[in-house]
There are 2 protein chains.
Amino acid sequence: MSKQAGLPVLEQDEAVCCAPMVREPLGEEAAAELSRMFKALSDPIRLRLLSLIASHEGGEACVCDLIGPFDVSQPTISHHLKVLREAGLVGSERRGTWVYYWVLPEALAKLSALLEIPAVSAKAPA
Amino acid sequence: MSKQAGLPVLEQDEAVCCAPMVREPLGEEAAAELSRMFKALSDPIRLRLLSLIASHEGGEACVCDLIGPFDVSQPTISHHLKVLREAGLVGSERRGTWVYYWVLPEALAKLSALLEIPAVSAKAPA
DNA sequence: AACTTGTTTCGACGTCTATCGATACAGCCG
DNA sequence: CGGCTGTATCGATAGACGTCGAAACAAGTT
């Protein structure tokens with residue numbers, strides 16, 4: 001790897017990402033993984049689901065709490081939850097009759113950090 | 001325009017969003033607008049384009065700088081840039097022969113704030 | 001065991017998206 | 001002016017995605 005650090009280098013997270021993208025171009029792998037997460041956020045229903053789960057009392061919600069607010073069928077909600085889970089944004093567990101979902105904060109933090117603007121801006125508006 | 005600069009304007013939550021979604025559920029409108037932005041980020045090429053633009057010297061890059069790093073055709077890159085522009089993530093301008101793109105920092109900041117985890121975790125006592 | 005309620009999976013359908021090659025448009029230069 | 005280079009648009013096509021109803025699966029109740 002001939003990568004010698006004179007600089008903090010970061011080595012940030014495990015494999016992929018997490019310094020602001022404004023700092024240096026994303027590699028292909030990092031972009032692929034991150035785009036999968038953003039894709040999970042690219043649907044309004046999933047975005048609302050995520051915020052419902054995150055803001056729910058106790059930090060988790062059962063599916064039964066999540067179908068009411070939407071106009072789509074229950075299987076559709078289940079599908080969206082699966083997408084969020086497979087993107088690594090939420091975790092889930094069955095407890096008795098109900099299945100509970102909660103947000104995985106590290107995932108959100110990762111995306112948030114990526115989009116962060118380091119200093120003043122990338123470019124000042126004219 | 002009675003808008004004179006003293007501050008970077010901000011005004012963020014005008015209609016839509018911007019407190020961490022962990023705090024309170026997103027409304028339908030907010031979710032719709034935000035999902036459009038995330039959709040623009042849901043493609044690896046667009047993600048890399050954005051980071052290339054953002055990290056480019058001077059905070060902006062011309063299209064000619066952006067086609068080299070990718071395996072796709074020039075029209076495809078142009079298409080992706082259009083998607084980023086229509087999502088409000090980048091601005092562009094023609095200067096002579098070349099067209100330049102730059103990141104709109106407020107847009108990234110908005111998304112970043114949305115995904116931010118307020119305190120320790122999603123769990124908040126009532 | 002049979003019934004009931006909560007959740008996921010399956011198969012199908014229409015729409016949206018990424019990509020391409022061809023082509024049109026915009027400025028520069030000889 | 002005519003040609004050249006950089007960029008955007010167009011039309012077509014293959015694949016992905018959101019949605020549904022039906023059916024399967026899971027756990028509790030009678």
Side-chain angles (χ1 to χ4, degrees), chain A residues 26 28 31-53 56 58 60-102, chain B residues 26 28 31-53 56 58 60-102:
Chain A
L26 249 32
E28 293 190 39
E33 168 168 349
L34 292 164
S35 69
R36 264 178 258 123
M37 299 175 117
F38 283 124
K39 182 166 298 181
L41 298 177
S42 73
D43 181 280
I45 291 189
R46 286 196 291 269
L47 222 35
R48 290 174 61 203
L49 276 173
L50 193 67
S51 70
L52 273 175
I53 294 169
H56 200 267
E60 59 180 24
C62 87
V63 178
C64 59
D65 294 321
L66 300 173
I67 44 188
F70 298 96
D71 288 334
V72 300
S73 71
Q74 184 274 324
T76 297
I77 295 296
S78 188
H79 160 71
H80 285 306
L81 289 170
K82 183 180 186 179
V83 172
L84 288 172
R85 181 160 28 85
E86 290 182 341
L89 295 171
V90 303
S92 72
E93 183 189 15
R94 166 160 235 137
R95 286 205 287 276
T97 303
W98 297 280
V99 176
Y100 291 86
Y101 283 78
W102 58 88
Chain B
L26 249 33
E28 292 190 40
E33 169 168 347
L34 292 164
S35 69
R36 262 178 260 124
M37 298 175 114
F38 283 124
K39 182 167 297 183
L41 298 176
S42 72
D43 182 282
I45 292 188
R46 285 196 292 267
L47 224 35
R48 290 175 61 204
L49 276 174
L50 192 67
S51 70
L52 273 175
I53 294 168
H56 201 267
E60 59 179 23
C62 87
V63 178
C64 59
D65 294 322
L66 299 173
I67 44 188
F70 299 95
D71 288 334
V72 300
S73 68
Q74 179 272 322
T76 297
I77 295 296
S78 188
H79 160 71
H80 285 306
L81 289 171
K82 182 181 186 178
V83 172
L84 289 171
R85 181 159 29 85
E86 290 182 341
L89 294 171
V90 302
S92 71
E93 182 189 16
R94 167 159 234 138
R95 286 207 286 275
T97 304
W98 297 281
V99 176
Y100 290 85
Y101 283 77
W102 58 87

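Keep in mind that what you see is a predicted model, and the values were worked out from it rather than measured. Proteins get letters first, then strands, A, B, ... in listed order; numbering begins at 1 in each.
- Heavy-atom minimum distance, Leu52(B) versus Pro69(B): CD1-CG, 3.8 Å.
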Could you walk me through whether Lys39(B) and Arg36(B) satisfy the side-chain contact (heavy atoms from CB on, under 4.5 Å) test, starting with their C-alpha distance in whole Å, then the side-chain angles of each, then the deciding distance to 0.1 Å, before giving a yes or no?
CA-CA 5 Å; Lys39(B) 182 167 297 183; Arg36(B) 262 178 260 124; 5.6 Å; no

Derivation of the side-chain contact (heavy atoms from CB on, under 4.5 Å) call for Phe70(B) and Arg48(B)
CA-CA 9 Å; Phe70(B) 299 95; Arg48(B) 290 175 61 204; 3.6 Å; yes

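- Across every non-hydrogen atom of Leu84(A) and Leu50(A), the tightest pair is CD1-N, 4.4 Å.
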Could you go over nucleotides 2-9 of chain C and give all protein N or O partners under 3.5 Å, atom names and distances?
{"residue": "dT7(C)", "atom": "OP1", "partner": "Val99(A)", "partner atom": "N", "Å": "3.4"}
{"residue": "dT7(C)", "atom": "OP2", "partner": "Cys64(A)", "partner atom": "N", "Å": "2.9"}
{"residue": "dT8(C)", "atom": "OP1", "partner": "Tyr101(A)", "partner atom": "OH", "Å": "2.8"}
{"residue": "dT8(C)", "atom": "OP2", "partner": "Ser78(A)", "partner atom": "OG", "Å": "2.8"}
{"residue": "dT8(C)", "atom": "O5'", "partner": "Ser78(A)", "partner atom": "OG", "Å": "3.3"}
{"residue": "dT8(C)", "atom": "O4", "partner": "Gln74(A)", "partner atom": "OE1", "Å": "3.4"}

Might you work through the side-chain contact (heavy atoms from CB on, under 4.5 Å) test for Tyr101(B) and His56(B), ending with a clear yes or no?
CA-CA 10 Å; Tyr101(B) 283 77; His56(B) 201 267; over 6 Å; no

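- Taking the nucleotide of DNA chain D with the nearest heavy atom to each of Arg95(A) and Val83(A), the more 5' of the two is matched to Val83(A).
- For the residue pair Pro44(B) and Ala31(A), the shortest heavy atom distance occurs at O-CB, 3.7 Å.
- Protein chain B touches strand DNA chain D; the 5'-most and 3'-most nucleotides with an atom under 4.0 angstrom of its non-hydrogen atoms are dG6(D) to dT9(D).
- The two residues Val90(A) and Leu81(A) have their closest heavy-atom pair at CG2-O, 4.4 Å.
- Arg36(B) has its CZ atom 14 Å from the P atom of dC16(C), to the nearest Å.
- The shortest non-hydrogen separation linking Leu89(B) to Met37(B) is CD1-O, 4.0 Å.
- For the pair Ser92(A) and Val99(A), the tightest heavy-atom approach, listed with the atom from each and the gap, is CB-CG1, 4.4 Å.
- Across its full length, the helix from dA1(C)-dT30(D) to dG30(C)-dC1(D) shows an angle of 10° between the axes of its 5 terminal pairs at either end, rounded to 10 degrees.
- At least one donor-acceptor pair closer than 3.5 Å links the side chain of Ser51(B) to the backbone N or O of Leu26(A).
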